[in-house]
Amino acid sequence: MKLVFTPSMFAESERASELNQEIINLEHAMHEILHRFCLEGLRPPVERKMASHIVGNPRMGPKGELKFALESFWDGKSTAEDLKKVSVDLRSSIWKQMSDAGIKYIPSNQRRI
């Protein structure tokens with residue numbers, strides 16, 4: 001049995017080869033673009049937004065403000081109103097700090113007053 005190529009078969013084979021080469025060229029161009037993004041420290045143009053959450057945050061304050069206010073109240077050096085003011089201010093500042101940090105879901109024990 002003899003295999004005979006006709007001119008139309010040769011043309012189809014040539015066209016398929018051209019299409020394969022175009023696909024290869026496009027893949028190379030795509031890889032080059034992604035490589036440039038990585039070299040320049042850029043991300044591909046896909047942006048996703050994530051919601052953040054933390055389990056809790058210490059409520060004593062960064063320098064133990066609530067602890068010292070409570071001890072001062074117990075010693076009789078300050079009033080209940082002073083203690084409440086420290087508590088409200090501290091809770092509000094912690095809430096603002098978490099909000100500014102982009103935390104979407106504030107823990108329930110950190111309610112804003």
Side-chain angles (χ1 to χ4, degrees):
M1 180 168 173
K2 204 176 198 185
L3 188 59
V4 178
F5 284 102
T6 63
S8 65
M9 290 173 69
F10 183 73
E12 288 175 13
S13 169
E14 197 172 283
R15 180 68 184 141
S17 177
E18 289 173 7
L19 288 174
N20 282 338
Q21 188 59 45
E22 285 181 30
I23 290 171
I24 290 169
N25 291 343
L26 286 173
E27 288 176 346
H28 286 297
M30 211 166 63
H31 284 293
E32 179 65 29
I33 290 170
L34 288 175
H35 183 67
R36 284 185 196 162
F37 270 111
C38 292
L39 286 178
E40 294 175 12
L42 301 174
R43 296 182 196 170
V46 176
E47 189 170 324
R48 297 183 183 120
K49 292 189 176 187
M50 293 180 62
S52 58
H53 171 72
I54 60 173
V55 177
N57 194 31
R59 293 182 283 171
M60 287 292 163
K63 297 179 182 174
E65 293 92 340
L66 188 59
K67 174 186 179 284
F68 295 125
L70 182 60
E71 289 172 350
S72 175
F73 173 70
W74 284 341
D75 290 341
K77 297 176 183 173
S78 65
T79 64
E81 288 77 27
D82 295 334
L83 176 60
K84 183 168 180 159
K85 181 176 178 356
V86 169
S87 173
V88 169
D89 291 345
L90 186 59
R91 188 177 301 138
S92 179
S93 70
I94 290 172
W95 185 87
K96 184 176 177 348
Q97 180 184 9
M98 284 191 271
S99 179
D100 290 345
I103 297 172
K104 185 173 181 179
Y105 301 107
I106 307 293
S108 63
N109 65 341
Q110 297 289 332
R111 289 176 287 132
R112 184 178 183 191
I113 293 179

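In this text the structure is predicted, and so the values were computed from the model without any measurement. Reckoned from all heavy atoms, side chains included, excluding hydrogens, waters and symmetry mates.
- Every residue two or more places apart in sequence or in another chain was checked for a salt bridge (charged side-chain N to carboxylate O under 4.0 Å, His left out) with Glu27, and none qualifies.
- Atoms OG and CE, on Ser93 and Met98 in that order, are 9.0 Å from each other to the nearest 0.5 Å.
- Residue pairs meeting the salt bridge (Lys or Arg N to Asp or Glu O under 4.0 Å) criterion with at least one member in residues 70-90, sequence neighbours excluded, are Lys67-Glu71, Lys85-Asp89.
- There is no path of hydrophobic side-chain contacts, each under 4.5 Å, that joins Val86 to Phe68.
- Closest heavy-atom contact between Ala69 and Ser78: O-OG, 4.0 Å.
- Taking Lys96 as the reference, Asp100 meet the salt bridge (charged side-chain N to carboxylate O under 4.0 Å, His left out) condition, with sequence neighbours excluded.
- Leu26 pairs by the side chain to side chain contact (heavy atoms under 4.5 Å, CB included) definition with nothing, not counting sequence neighbours.
- The distance from atom CG of Asn25 to atom CD of Glu18, rounded to the nearest 0.5 Å, is 11.5 Å.
- Contact detail for Glu65 and Leu90: the closest heavy-atom pair is OE1-CD1, 4.3 Å.
- In terms of the side chain to side chain contact (heavy atoms under 4.5 Å, CB included) criterion, residue partners of Leu70 (sequence neighbours excluded) are, by chain and number, Trp74, Leu83.
- Looking at residues two or more places apart in sequence or on another chain, you find a side chain to side chain contact (heavy atoms under 4.5 Å, CB included) between Glu32 and Arg36.
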